[in-house]
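Counting starts at 1 for both ligands and their atoms, following the listed order. Position 1 is the first residue of the sequence, and the numbers go up from there. On a predicted model such as this, the values are computed, not experimentally measured, just so you know.
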Amino acid sequence: MNSSLALAGVLSGLAAGILTAEEPRPYGATPNGNQLQWHETETFSLIHYGLNTYTDREWGYGEEDPALFNPAKLDAGQVVAALKRGGMKGVILVAKHHDGFCLWPTKTTAHNISKSPWRGGKGDLVREYADAAKKHGLRFGLYCSPWDRNNAAYGTPAYLPVYQAQLRELLSQYGTLFEVWFDGANGGDGYYGGAREKRNIDRLTYYDWPNTWGIVRQLQPSACIFGDVGPDMRWVGNEKGCAAAESWATFTPKGKTDPARPANGDSMNHIEGPAGHRDGAAWMPVECDVPLRKGWFWHPHEDPTVRTPAQLMDIYFNSVGKGGCMNLGVAPDRNGLVCDADIAALDVFGNLLRTLFAVNFAENAVATASHVRTGPTTPDTPNPYAPVNALDSSRYSYWATDDSVTNATLTLTLPAVARFDVVRLRENIKLGHRVDGFAVDVWQDGDWKEYAKGQSIGACRLIRGPKVQSDRVRLRITQASACPCISDFGLFAMPAALDQKQP
Ligand code: FUL
């Protein structure tokens, strides 16, 4: 639109007293650009692999011999390709777990991969994963455990510079990272250079989180930082990958000693992680981590514990479907490869996901709404808040109402009768969590029947109900803190293989 037309529109709107053509103001905390990209990533994997894989432990003591690490067939490409087929869009490698063994040739400690026989002591597993992720188009992230049961200095002030130097190496040598993971397990017994004792640290102060996080901000400005209580994403508070029935991306972390100054590990209220806080102070969405098998590391007898594709789908609905991300732990075996049992589960799950979202029955629907935000009124300018915006694939184009309207309906008339059992809703989260209550109705036997209802929508709300057949559906916004800005109203059918299985 040229500027004189725009001005004319503004003036005529003013004259009519109805002008709300400007974008709705954001409500409450909103995501930054890194967090938006994180939301779009939705599914990624956390890779645990190292000396524990060979000692059959979950938490190595820190005294393990690097000579144990010599996988002849290791192939990061095989792992990353399996993740990709399994529907994962990112991979986070545990570069150092609590046992302190570094999977890259660090200068900070001798307890690293160069002391192993693998690749003649010239190997760099972080490099191989970074390269494989790039090749297969997955985003890459790293986890470097703050707790280090090998390091003699752990528990004294001399350890922090070592840890920070490890982070600097990892954050400057392996390309762009989308996420840096700070684990909450900290302090306890360990080898500690031969001392073999218990060392406790003050979780609030020991790691100097403001400056340690500052290293990430400086070296990887586009990475999100994960910790128990932020700063960018919060832990879901369980290792089942399961957020609360109503989950909010907003959260107000509380510090133990100073509620106004939370710090990682000082996770007084991580118990509130599954639900978050409506109107929480920060946009700190929920990351739902869960291992594919019982343990995070591979163990010889845990094949029977591999989660079934149906269970993985439940996890997806309880994480991505609650506005968070699903972080699925995958553990390469002693060959450094994803084993057959895990491949089978990942392959089926990935296919189910692709099948589920292959057809959106709402795509070519006619969308009408009880209220539509007043937009520019020139004939050649489509209203940017039109109902049809809830049907395209953009997360940021949206249907909105005028500021004063917080109860409204969006009705879809489908091109044909469809049989569906999954509804997907999204708000344009650039404008915050606005909706507090909604219902979905389906037109059946000449009347509207309530199909589902809930409170939170946010980045993504997936609802799985009984199979119904209809050509008309309706979203009712029953309560909102600011005018609704709905970017998606989609309808899908669960693949036949999962038809009978309700979460
Ligand atoms: C936990 C760790 O203690 C586990 O070993 C694993 O790394 C998991 C992802 O986080 O806190």
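- Using a 4.5 Å heavy-atom threshold, the side chains of V338 and D333 count as separate.
- More than 12 non-hydrogen atoms from other residues, nucleotides or ligands lie less than 6.0 angstrom from NZ of K89.
- For atom 4 (C) of ligand 1, the closest heavy atom belonging to the protein is H97 NE2, 3.7 Å.
- The option with the heavy atom closest to atom 10 (O) of ligand 1, from among D99, D289, D183, is D183.
- When each of D183, D289, D228 is paired with W235, the side-chain hydrogen bond (donor to acceptor under 3.5 Å, both in side chains) condition holds for D289 and for no other.
- If you look at L46 next to ligand 1, the close heavy atoms, those under 4.0 Å, all belong to the side chain.
- Distances from atom 3 (O) of ligand 1 to the heavy atoms of E58, E239, H98 put H98 nearest.
- Closest to atom 6 (C) of ligand 1 among all protein heavy atoms lies H48 NE2, 3.4 Å.
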Exercise for the section: Mind running side-chain hydrogen bond (donor to acceptor under 3.5 Å, both in side chains) on T156 and R199 for me, showing each step along the way? Expected result: CA-CA 9 Å; T156 75; R199 293 188 182 171; over 6 Å; no
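- A ring pair (Phe, Tyr, Trp, His ring centres under 6.0 Å) with F178 holds for exactly one of W38, F140, F44; it is F44.
- One option in W59, W235, W296 has a heavy atom closer to atom 9 (C) of ligand 1 than any other, and that option is W296.
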